[in-house]
Amino acid sequence: MKKLYITIASICLLNSCSYENEDDLYGLTICDTISMSFEADIFPIINEHCSTCHSGATPPDGLALIDYNQIQISANDASTDGMIHRIEKADGEAGIMPQAYRLPQCQIDMIKAWVAQGTLNN
């Protein structure tokens, strides 16, 4: 009988311990990329994550990202120096922007969608 209680207690204990990821706990995070707005969606991302370094009198590589025209040029640059190529790099990979971390995937998807939608100044 004692073995039965220990077995039941062990099963209950094992079933009570589980790993839950954030989506399971808080629901699926929705990343709306249907209709991107430069002012409402893109500029806040760039301002928070890029403008700290890419502004001022001498921004790195002469690339200032403080207004629509500058951001649009970098976003449409399909070379390895372009914004899309840089933000898609993995953490720790040479040339990643921002340098210290990778943007959340939703923000990367939003920037890419804005480019695909024509980099509108809206």
Side-chain angles (χ1 to χ4, degrees):
M1 191 63 140
K2 191 174 182 180
K3 288 183 180 182
L4 179 62
Y5 289 129
I6 292 173
T7 302
I8 291 173
S10 297
I11 291 171
C12 290
L13 181 63
L14 290 173
N15 284 335
S16 66
C17 297
S18 65
Y19 171 78
E20 299 290 337
N21 69 33
E22 199 170 284
D23 288 342
D24 292 340
L25 293 173
Y26 305 112
L28 184 61
T29 303
I30 297 174
C31 184
D32 182 13
T33 59
I34 300 298
S35 182
M36 294 293 94
S37 163
F38 175 74
E39 283 297 321
D41 301 311
I42 305 308
F43 187 72
I45 295 169
I46 303 300
N47 194 41
E48 179 182 350
H49 299 285
C50 309
S51 296
T52 306
C53 295
H54 289 281
S55 63
T58 56
D61 297 324
L63 178 61
L65 296 173
I66 56 173
D67 67 26
Y68 168 76
N69 290 329
Q70 295 162 332
I71 294 167
Q72 181 197 35
I73 289 168
S74 182
N76 284 317
D77 181 354
S79 76
T80 57
D81 289 331
M83 181 185 298
I84 300 299
H85 184 76
R86 297 277 192 141
I87 65 175
E88 286 188 313
K89 290 181 175 272
D91 269 332
E93 191 175 344
I96 187 173
M97 290 293 155
Q99 289 181 345
Y101 57 92
R102 189 171 198 263
L103 291 176
Q105 189 60 49
C106 181
Q107 291 181 346
I108 293 170
D109 292 345
M110 291 171 77
I111 293 169
K112 288 172 61 177
W114 175 65
V115 171
Q117 294 166 15
T119 59
L120 300 176
N121 187 5
N122 53 357

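When hydrophobic clusters are built by joining Ile, Leu, Val, Met, Phe, Trp and Tyr residues whose side-chain heavy atoms come closer than 4.5 Å, directly or via intermediates, Ile111 is grouped together with Ile71. A continuous path of Ile, Leu, Val, Met, Phe, Trp and Tyr side chains, each step under 4.5 Å between heavy atoms, connects Leu63 with Ile84, placing both in one hydrophobic cluster.
In terms of heavy atoms, Gln70 sits closest to Ala64 at CB-O, 3.0 Å. Across all their heavy atoms, Trp114 and Leu120 have their closest contact at NE1-O, 2.9 Å. The minimum heavy-atom distance linking Thr33 with Met36 is given by the pair CA-CE, 3.3 Å. When every heavy atom of Lys89 is checked against every heavy atom of His85, the shortest pair comes out as CG-O, 3.5 Å. Minimum heavy-atom separation, Leu103 to Ile45: CD1-CG2, 4.4 Å. The minimum heavy-atom distance linking Arg102 with Ile87 is given by the pair NE-O, 4.0 Å.
By the salt bridge (Lys or Arg N to Asp or Glu O under 4.0 Å) test, Arg86 pairs with Asp81, sequence neighbours left out.
With values rounded to the nearest 0.5 angstrom, Gln117 atom CD is found 8.5 Å from Asn122 atom CG. Distance CG/Asp67 to CD1/Ile73: 8.5 Å, rounded to 0.5 Å. Here the straight-line distance linking atom OG1 of Thr119 with atom CG of Asn69 works out to 10.0 Å at 0.5 Å rounding.
By the 4.5 Å heavy-atom criterion applied to side chains, Ser74 and Leu65 are counted as neighbours. Residues Met110 and Cys31 form a side-chain contact, since some pair of their non-hydrogen atoms from C-beta on lies under 4.5 Å apart. The shortest side-chain heavy-atom distance between His54 and Ile66 does not fall under the 4.5 Å cut-off.
Surrounding CG of Asp91 are more than 12 heavy atoms belonging to other residues, nucleotides or ligands, all under 6.0 Å away. Few gaps surround CD on Glu93; more than 12 heavy atoms of other groups in view lie less than 6.0 Å from it.
A salt bridge links Glu88 to Lys112: at least one charged side-chain nitrogen sits closer than 4.0 Å to a carboxylate oxygen.
A donor-acceptor contact under 3.5 angstrom links the side chains of Gln107 and His49, judged on distance only.
Taking the six-membered ring where tryptophan is involved, the planes of Phe43 and Phe38 are tilted, since the angle between them lies from 30° to 60°.
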